[in-house]
Structures are given as C-alpha cells and as structure tokens.
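Read through the structure below, which is laid out as structure tokens, and then see the notes.
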Amino acid sequence: KALSDGYNQIKWKKVAGVTAYNIFRKKPEGEKWEFLKAASSSETKYNDKNLASGTSYQYLIQAYREASGSKVYSRYNVSSAIKTAPAVTKINSIKNESDGIYIRWNVHKSCDGYQILRKTKNDSWKQIAKIDDAKKSSWTDETAEKGESYYYAVKAFVKQTNGTTYGKYKTSSVIKR
C-alpha cells in the first residue's frame, strides 16, 4: 500500500515455523529483484522508504526456515504494482479574476489527477474539485464568495487497485475574492 508520507507499506500473513521473511523489490519494467531485508519471524509488515515519487514498484515476500543447517524456502508471492505517492504540489500562482479565483500549479508527470482544497481562516479543508486529468495545470474557483478570504491547496493523486493515494500539498497564501 502506498502512503502519502512517501513510502510503501508491505504487509503479509505470519507463517508458523518460519525463521524469517526475505523481502525483495523491483520496478515492473523487468529489472532484477533487489534484496531489501530479512524480516524476523515476528514481523508482518515492512515500510519501504526513500522511494522516487510517482514510481511503480513490485514486492516479493519469501518465507524460509532453517533445518539441519540449510534454508528451506517457501513459494513466494509477488505483489501487484504499487505506485508511490506523488511529490508535493505547490501552487505557482493564485489570482482574483472576474469569474473567480484562478489557481495554477506545476504538472506532475506520474499522477492521475488533482484534488483542489479550500478553507477559510477558521474552517478545515474541504474538497471543492477533483480533476481526473494529469495534464491539467490550472482551475478557477467560481464558487468563491466576494469579500471572503481563502487558502487553497492542490494534491496530486494516483489511483491504485486498493484506493487512491494522495501526495502532500503546500498551502497557498491567503487571497480575498
């Protein structure tokens, strides 16, 4: 599972009588498996950190036990591709225009779209738009009320088989409509 903190969390079920679990990673494009860790028999999850944002990885978990001085390996399970969370999205410009508040951000090459958030000084964040177009880099908030001051944020997201993973955001400066 990809987490918005920039790492992938891999979980597996405990197997009785196991000495350890070998954990491997690769990119789906045919690279060789990279050994990450031999997790103890009591562990059932691993947090893979320092990954490139918006990049897909696959994982392989293989249990083994030591018997008569040698290792006996189980069959292994290969995960489906897990795409890491996108990088932080920063708003490049924000302007009060005649038809609403215009917001512009940098495009992320490896995301599926963007979530637009808005709040006032005393409110919590609310989603005001979801854009399913990774190439889009601007949007106008036509629902902003005249005389009200707002903060905005944009989160890039990737769609996964088990849900959506959102990147982090940087809050805009306040803007008055």
Side-chain angles (χ1 to χ4, degrees), residues 1-11 23-34 36-37 45-60 79-177:
K1 177 179 178 177
L3 301 174
S4 61
D5 289 340
Y7 63 90
N8 289 342
Q9 186 175 74
I10 314 312
K11 293 182 180 182
I23 305 167
F24 299 87
R25 170 187 68 204
K26 77 171 190 144
K27 292 180 183 172
E29 298 86 40
E31 291 184 6
K32 292 186 178 185
W33 289 101
E34 173 188 359
L36 298 175
K37 178 183 178 179
K45 71 178 179 179
Y46 174 73
N47 293 332
D48 191 12
K49 300 180 179 182
N50 299 320
L51 301 171
S53 61
T55 303
S56 293
Y57 297 94
Q58 284 182 292
Y59 295 88
L60 181 149
S79 72
S80 56
I82 302 170
K83 199 173 202 181
T84 56
V88 173
T89 304
K90 295 177 187 168
I91 293 174
N92 294 336
S93 66
I94 186 164
K95 299 176 188 172
N96 185 4
E97 297 193 341
S98 61
D99 57 342
I101 307 251
Y102 176 78
I103 306 162
R104 183 169 193 77
W105 60 88
N106 282 338
V107 170
H108 287 278
K109 293 180 183 175
S110 54
C111 77
D112 295 316
Y114 303 93
Q115 178 186 45
I116 313 296
L117 304 169
R118 180 182 75 190
K119 74 174 193 162
T120 60
K121 183 178 180 180
N122 298 319
D123 285 338
S124 58
W125 289 108
K126 292 182 180 126
Q127 177 180 307
I128 56 171
K130 188 169 183 182
I131 301 167
D132 288 317
D133 181 356
K135 294 177 183 174
K136 185 110 172 156
S137 63
S138 64
W139 183 78
T140 301
D141 179 5
E142 297 173 353
T143 65
E145 296 179 26
K146 289 191 185 251
E148 188 71 59
S149 294
Y150 296 101
Y151 296 91
Y152 289 88
V154 178
K155 287 182 174 182
F157 65 83
V158 290
K159 295 175 182 173
Q160 310 275 5
T161 55
N162 63 346
T164 302
T165 302
Y166 293 89
K168 292 190 175 192
Y169 61 88
K170 185 169 169 115
T171 305
S172 73
S173 54
V174 67
I175 187 162
K176 190 171 185 176
R177 174 75 173 115

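Only this structure's heavy atoms are used, side chains among them; waters, hydrogens and symmetry mates stay out.
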Cation-pi check, Lys155 onto Tyr169 ring (under 6.0 Å, within 45° of axis): no
Separation of Asn8 CG from Asn47 CG (nearest 0.5 Å): 9.5 Å
Main-chain N/O of Lys90 paired with Asn106 side-chain donor or acceptor, under 3.5 Å: no
Check ion pair Arg177-Glu148 (N to O, under 4.0 angstrom): no
Candidates Glu34, Glu31, Gln58 - the one meeting side chain to side chain donor-acceptor pair (under 3.5 Å) with Arg25: Glu34
NZ/Lys130: more than 12 non-hydrogen atoms of other groups inside 6.0 Å: yes
Student check: side-chain heavy atoms of Tyr57 and Lys26 closer than 4.5 Å: no
Test item: Val174 and Tyr151 side chains (from C-beta on) under 4.5 Å apart, heavy atoms: yes
Ile175 vs Ile101, side chain to side chain contact (heavy atoms under 4.5 Å, CB included): CA-CA, chis, key distance, verdict: CA-CA 8 Å; Ile175 187 162; Ile101 307 251; 3.8 Å; yes
Heavy-atom closest contact (Pro86 atom, Cys111 atom, distance): CG-CB, 4.2 Å
Atom pair CG/OH of Leu36 and Tyr59 - distance to nearest 0.5 Å: 7.0 Å
Nearest atoms (heavy-atom pairs only) where Ile94 meets Tyr152: CD1-CD1, 3.3 Å
Minimum side-chain heavy-atom gap Ile10-Ile82 below 4.5 Å: yes
Approximate separation, where rounding is to 0.5 Å, of Lys37 NZ and Tyr46 OH: 7.0 Å
Main-chain N/O of Ala85 paired to Thr165 side chain as donor or acceptor, under 3.5 Å: no
Within-4.5 Å side-chain heavy-atom neighbours: Asp132 and Phe157: yes
Rounded distance [0.5 Å steps], CG in Leu51 versus NZ in Lys83: 14.0 Å
Shortest non-hydrogen contact from Val107 toward Ala134: CG1-O, 3.3 Å
Pairwise side-chain contact, Arg118 with Thr143, heavy-atom cut-off 4.5 Å (strictly under): yes
Closest heavy-atom pair and its distance - Tyr102, Thr140: CD1-OG1, 3.6 Å
Nearest heavy-atom neighbours spanning Glu145 and Tyr150: N-OH, 3.0 Å
Student check: side-chain heavy atoms of Lys119 and Ser124 closer than 4.5 Å: no
From Ser138 atom OG to Ile116 atom CD1, the distance as rounded to the nearest 0.5 Å: 9.0 Å
Which atom of Tyr114 lies closest to which atom of Asp133, heavy atoms considered: CE1-O, 3.6 Å
Arg104 CZ to Lys136 NZ distance, which is reported to the nearest 0.5 Å: 10.0 Å
